[in-house]
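Note sheet for the following structure.
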Amino acid sequence: MKLFAMKKVRKMIAGVAVAGLLLSVSGCGSTASAPASGSGSAQSGTIGTAKIGVVSFLTGGGAAYGKAIKQGLEMAKEEVNTQGKVKIDLLFEDSRGEKNEAINAANKLVNKDNVVAIIGPTLSGEMFAVGPIMNQAGVPIMGTSTTAEGITDIGEYVFRNALPESLAIPAAVKKAKEKYNLKKVALMYSNNNDFTVSGYKTFEKAVKDNGLEIVTTETFADKDVDFSAQLTKIASLKPDAVMVSSLYQEGALILKKAREIGIKVPFVGGNGFNSPQLIKIAGPAAEGAIVASPWFPNKEDAAVKKFVSDYKAKYNEIPDQFAAQAYDALKIMATALEKAGSTTDRKKLRDSLAAIKDFQGVTGKFAFDAKRNPVMSATVLIVKDGQFSELK
Amino acid sequence: MFWQQLVNGLTLGSTYSLVALGYTLIMGVLDIVNMAHGEIFMFGAFTGLILASHFHVNIFVAMLGAALVGSLLGIILERVALRPLRRRAVSHLAPLISTIGVSIFLESVALKVFGPESQAFPQTLAGKIYTIGPMQISLVQVVILAVAFGLMLILRFWLARTKIGKALRATAESTETAGILGVNTNLIIVLTVSLASGLGAIAGVLVGLTFNAVEPTMGMSMGLKGLAVLILGGMGNITGAMFGGLILGVAEVFSVAYGASSYRDAVAFGMIILILFVRPQGLFGAKDQTGGR
Amino acid sequence: MDFILNPYYLQIGMFIMINAILGVSIYLTLATGQLSLGNAGFMSIGAYTSALLTLKAGFPVYLAIPIGGFAAAAVSAVIGFPALRLKGLYLAIATLGFGEVVRVVFLNLKITNGALGLSGIPSLGILLGKALSSAGFDQGMGGLSVQQLSNVSVLLILLILVVFLVFFSLRLSRCRVGRAFAAIKTDETAAEAMGINTTYYKLLAFLLGAFIAGVAGALAAHITFYIGPKDFDYHRTVEILLFAVLGGSNLVWGPILGATLLTMLPEVLRAASDYRMMIYGAILVTMMAFRPQGLISEETLRFWKAKLGRRKEHDLNS
Amino acid sequence: MLKINSLVTSYGSIKALKGIDLEVPAGSIVSLIGANGAGKTTAMKSLVGIIKPQSGTIVFQGQAIQGWPSHKVVGLGVSLVPEGRRILARMSVLENLEMGAYQRQDMEIQADMEKVFSRFPILAERRNQLGGTLSGGQQQMLAIGRALMARPKLLLLDEPSMGLAPLVVAEIFRVIQDINREGTTVLLVEQNVRQALKIAHYAYVLETGKIVLHGTAEEVAHNPRVMEAYLGGAKGMK
């Protein structure tokens, strides 16, 4: 390798020279990444059209979530555009659940399409990669489904309206313990998904805080379909309840298999259980599944009822929490834009987002705390007669 | 619990075996790993699902329909992705890549056509559970075990006794020799690929039925497991595929039952790495085919 | 200029460079005719090693990255000895299996934070930005912001690395080691009979490939702030393989062109987002049917050399 | 019966056959002799469609068959006993013979099988053994037997004596003569020139892809060049 030494040095010199050249030529300046200065002049009640980028998991394995998010956002967009002072233009980009693609998608939206803010990406892992770049570039970014710990620690431009499981899960565990007099429980979680692992950690802590004994902890992976081995093991240990941190698909299959092999105890789920799909796939096996959620489609609330019926009319589905949170996210964004009085100024938008308080969305009353995490309350739900209803 | 877990393992394993059979047949005859096999498996599952839920056919008719669709896909695959490469002296990488291309294509078509959500079979067989001694076995499990073993036995018999089966084995050994004996080897290759794909499609229905989830990406993970079985049992070895699948299924289930479930996915590939180092020809491979292909 | 300095394109440029490095890593093992599909695994070892060293042990980035490479090489030495007894598809699937095992191990280790991955990894761009600021460029330079300046510098560093690797590979193919590689690729038995220590050279190629993949992984970790086991799964393995196959694996230019095209392709096809994976798959099938040797082969090079005259030749040798 | 006209076959850019002409009259034994690498096997492979010839014609019983796939050529009644015998090692002796009769649908397959067994009794003994476990000589017998199972009109033999003990070679050649006497035309490719010329009626000498000499076996055997190059000097053929 010695013989390279000389040439390496020469190459490096050449490299530096090229760099210098590049820099001197670029004297013409570049404002591509800087937002155009805000046109605050509000004419006849509107402040113009805001371009908002969406980075979402639209194709590939997790596209089901991306789809729900997209539908939620589009519903919100239509409503905002027909009634609000601000018009919104949504630009969707697919991340395929890959962090590099998410980075590229976000960069494209910001630097090519010049969006004012970004909603997404879908996965916490993607957010950990995209967040710092957006934060550095000064673009507000809001996750609607990124529940992992530490997301908003990335920086002051990073927001989320996804209810962290640290709020939801303890509520569910506590309620279930009181209601069913639980003593020992089994834990199950999908171990290759940041979202469910984070949920599992919260479960573990909540279970310990409630003084429950953990008889076993079993794992599986996303997209697994066979849970018979884990459940057979759990059945033999006879726990009073099973706590599951998974996405709805695996959750539903677990419920089905568990009921089939005769596990009749209550199942407490993480955020992933909170989907009509869970009931659809698991059918009668879903009965008795417990979950805490900010989103409750059967809530006695006019806004919720309207949202559910509109959504059903449009997409022939009941909205799940991904759709609901995405719907709220865009509404929050629109409110912040209105307050900021600009559709292009990212700094103003960030500040007005951070100041959001007492926002009434379909997922309940909402505010950002000092760390840009949501402040909202969770309802504990139980599946009864094929529907989510409040566990009282 | 042991017996129950054994049943679980055998059920899982028999699906692996069926998937691996498809790989093995194509590997044996063409010396190619068909990376699109998992996606054909997935299309089979969807065909079965559509037949069962929209046309309310009997589950065995659904399997037949899936097998037909699978075979058809196999024929197309052979025409589009394999035959153009066969005439030329290309590296053994080319068909690997070409079939990877097909697998990516099929998966994205499925995502577009069927949507990303997981779908379930109508509850035709579910619910019935038999208790035999310490074991509980569901009707679905009985069906999958019976169909898997039945198909494997038929395949074995067919290969050993029928004229076309023998022609297939001859082609597997040497395309050239089979040709000069009068075998239309192109036809045999098409037949093999479509047969393998048909089996894969049936496996898809069975897996969809047993585990009640059919979705576009299901082919990928199953495909990887099938590959593991291919190595475990010995490439191109039918017996190896059958027992390799069962062994893998049981090993995975037992790793959950008596070990840590989080390492379950490492079991499959850990096993094949071990096998390759200790016995590269696979558990059932003949000595003369050691790794030196 | 605006066009080139757009962070979007700069970022894609960085990914192209990282992928080009990965392309070189698979090219080196392919140069001996060994198809190793473990590169994603080695990449993850490099990435995690470097990320953990900087995050937990406070190592400086410039030291942690090569250590990541060495860690990958060390692991490759351990598995290389038994693995290289296998040939063709057997080696391919064994190394594919190795990659899966590595992924599952990272998924289960406490220090790697499982599926949650490692976030907040010190970024090359930000570090360079800080360095530039402290060097007095905090107002930027020549109309460029510090951020752009640091991005450009990162890209340049990567570019230099790629150029060096290409140069290294070209040099290699002209010296004794390279000729031994070629002999093994053509006919291993014959090479052995000629007195070439095939095990040694195969292992060397394997080690080099792993080292470079490890470095690429480490670089990727310090460019994207975050790594998780998912980044190094089967899909990544296939992607790396495709660089070599699409571009052509006989010359080092092949994988580099492959990496460039395949990194850009999804971006170009963004408009057709719903159909982009379909197009991607179709391209692969078509490629194999019409040009299985990849886009660049010796003939292509000869053709262009003839066309461009001796100048090109000179450039390649410099 | 078989007529080859200016047949050219190449591997990539290398021409292995540079335009050969050859004729096999019905009922005869024609021998194609030449050294290693002369193109003998290439000629055989081109004949049965394993390799596609580049140009030239192959006419079998009035039908141009160049470029046909192997299985169609076999269908016309041409069987090849390939170089190196190419026994199906993982199939039994019986199955190998059955594969020989692959295209036949008639009822006499069993009878033909018995005929092969009576011609090569050792095969009958080992009928259930795997092909790969047979000795070289037995494999050659099996290869010939397998080719005969197709009831060929023209039997092509590629180096049947290769690697066999002299006693076995003599046995094989005796069988070839028998087969010919029973009415099958034979095209024999051999390096064992002495033996080949002994049983052949006509002979062609192939050198580096070209026919350099042809005539009756007698003529060829007495050609000084042949005697020099293949038969070990003037004493060669008595």
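Below, read A as the first sequence line, B as the second, and so on, with proteins coming before strands; counting in each chain starts at 1.
Atom CZ of B:F243 has 12 or fewer neighbouring heavy atoms from other residues, nucleotides or ligands inside a 6.0 Å radius. Atom OH of B:Y258 has more than 12 neighbouring heavy atoms from other residues, nucleotides or ligands inside a 6.0 Å radius.
Atom CG of residue C:L241 and atom CD1 of residue B:I97 lie 4.0 Å apart, to the nearest 0.5 angstrom. Remark: B:L82 CG to C:M288 CE distance equals 12.5 Å, nearest 0.5 Å.
Proximity to chain B is absent for every atom of C:A244, based on heavy atoms less than 4.5 angstrom apart. Only the side chain of B:L224 comes within contact range of chain C, with at least one heavy atom under 4.5 Å from a heavy atom of that chain. For C:L84, no part sits under 4.5 Å from any heavy atom of chain B, backbone or side chain. For B:L96, the part lying under 4.5 angstrom from a heavy atom of chain C is the side chain only. Residue B:M220 touches chain C through its side chain alone, counting heavy-atom pairs closer than 4.5 Å.
The side-chain contact (heavy atoms from CB on, under 4.5 Å) test with C:V285 singles out one residue from B:V80, B:T99, B:I104, and that residue is B:V80.
When all heavy atoms of B:F105 and C:M278 are compared, the pair lying nearest together is CD1-O, 3.2 Å.
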